[in-house]
Amino acid sequence: MSFDKTTIARISRLARIATTEAEQERLAGELGGILAWVEQLDEVDVEGVAPMTSVVEMNLKAREDVVSDGANAEGILKNAPKSAHGFFVVPKVVE
Amino acid sequence: MTPTDLTIAQARDLLAKGEISSMELVEAHIDAMENNRDLNAYITETPEKALAMAQDSDARRAKGEGNGLLEGIPVAIKDLFCTADTLTTAGSHILDGFKPFYESTVTTNMWRQGAVMLGKTNLDEFAMGSSNLTSYHGPAINPWKARGDNRARVPGGSSGGSASAVAGRLALGATGTDTGGSIRQPAAFTGTVGIKPTYGRCSRWGIVAFASSLDQAGPMTRSVRDAAIMLRAMAGHDPKDSTSADIAVPDFEADLDKGVKGMTIGIPKEYRSDGMAPEIEALWQQGIKWLEEQGAKTVEVSLPHTKYALPAYYIVAPAEASSNLSRYDGVKYGLRVEADDLLSMYEKTRAAGFGEEVKRRILIGTYVLSAGYYDAYYLKAQKVRTRIAEDFHHVFGHVDAILTPATPSAAFPSEDPPSDPVSMYLNDIFTVPVNLAGLPGMSVPAGLSGEGLPLGLQVIGKAFDEATVLRVGRAIEQAADFDVRPEGY
């Protein structure tokens, strides 16, 4: 697997992480190396094998469909870099 | 005996007899922490909280009420566990100033059992690393040094601060978390005991998530008995974690000394790679001999998919991490880098807040989950994971536990770590398969390397059979009689 800068630019946009061109250059080499190494998985015969969804055999529990937590806007906003009137504040998103 | 030299079991017994108070234990540890800040084991020390908790514990005991499993015992908490009103950083810049208003279930359980918090320990950023070199708060240092070599050594990772605090006598025990070896590798590097229990044994609620299908909390201590005591206090079903197992937590200490006579121990041939260091091979052979001398039968077993564990892990773990870490966006907590529009604010915040290794893993995870690649990478890796779990399942049809080395080498110098990401990942070659299969695994100190650095053996058990793992670990501990300690600590 070889990576180019364009691919790195595309996935860093998807991941919402700004990268400089120099970083993209370096990351292309590093990620290419890691993904070339994981390609040995192609040697494994997984025909008919179910992908793992739970490491320990258990049935997920269902709880009653009732409100069990919440109503703590103050606590939730306490760590916000910016908040006002009980809301998180972000840069303007609607023109 | 100096209070900081006690094991948890010894401290518990002295507290019960009234020969020491929790306050005395805590004061001795606060002094030790102040005098050994060069280890950088703690990101945040909480001496005032510790003194208040110790005072409460002594008051409970005076009224005849203090009967918790960890009553009055000072412990350190890996800074990945959310602790109410106490800074919780996950070793990252992006969580600057974050003080949760809630407490993780594991720490809640421990406080309910009377434990006292000394502070929050250093770790690789978001628990991603095997050296502690990725911590935003600077690396924790191993109290151990090689003979005739004064260079600082890494304590391993990601729970390196916890390992360093326990080995350096700055806590009687500490919590760790283990996604691919993050308890067992640092335990091996520092001559301490660390157990990753079965997936589901400890609640993950309130632990900063890395890879949710692999993460487990566990204790790091100076004896196997202490690990048994502390694990019992940490574990238990929690309705707030849907993957937490609704299974009774046994008294792990009860059968600890029953020995290994009559047990069958598997020795997996695939762990014997051509490149294995002779001293690691020798240690392993020594461990086999110790168990045989105590009446266990050892048999060679095969775990044919072992070599695929690390590559499968480096798809599954980054994929889950990329999803879990999407919550750090400059809106809800921690760091924010202002920008004119929302997208730029996200991108600049995350670029400034995450370190190199974390970015690398988020980007790998984003790539393998992106449109058109999901089947080729993530789905394939989860199928390989099923194969790895099946390997263990077959072997556990006829063995009680498995013995392997814990790490492929002793602690490396902080200034001279493995040079590329893949070489660094190879540190976890013996521990990662255990996480992929969800099984319990423990590292026990078993000897010293040629350079005088500690080495560990790993015991792997059946799901929810930590009791056997601890029993085998105890047998190794007794035979190894590992009583060396880092010079000066």
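Chain A is the first sequence line, chain B the second, and so forth, proteins listed ahead of strands; every chain is numbered from 1.
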Check each atom of [X] against the heavy atoms of chain B and say whether the ones under 4.5 Å are side chain, backbone, both or neither.
X       : value
A/Ala15 : both
A/Asp42 : both
A/Arg13 : both
A/Leu27 : side chain
A/Gln40 : both
A/Ile76 : both
A/Val93 : side chain

So for [X], is it side chain, backbone, both, or neither that comes closer than 4.5 Å to the heavy atoms of chain A?
X        : value
B/Ser344 : neither
B/Asp420 : neither
B/Leu310 : both
B/His393 : neither
B/Ala352 : neither
B/Val422 : side chain

>> Are B/Phe126 and B/Tyr328, when compared by the centres of their aromatic rings, separated by less than 6.0 Å?
In response: yes

> Looking at the rings of A/Phe3 and B/Tyr367, which for Trp means the six-membered one, are their centres under 6.0 Å apart?
Replying inline: yes

> According to the interplanar angle, ranging from 0 to 90°, do the rings of B/Phe396 and B/Phe392 count as parallel (below 30°), tilted (30 to 60°) or perpendicular (above 60°)?
Replying inline: parallel

>> Regarding B/Glu357 and B/Arg361, does a basic nitrogen lie under 4.0 Å from an acidic carboxylate oxygen?
In response: yes

>> Other residues, nucleotides and ligands only: do more than 12 of their heavy atoms fall within 6.0 Å of NZ on B/Lys332?
In response: yes

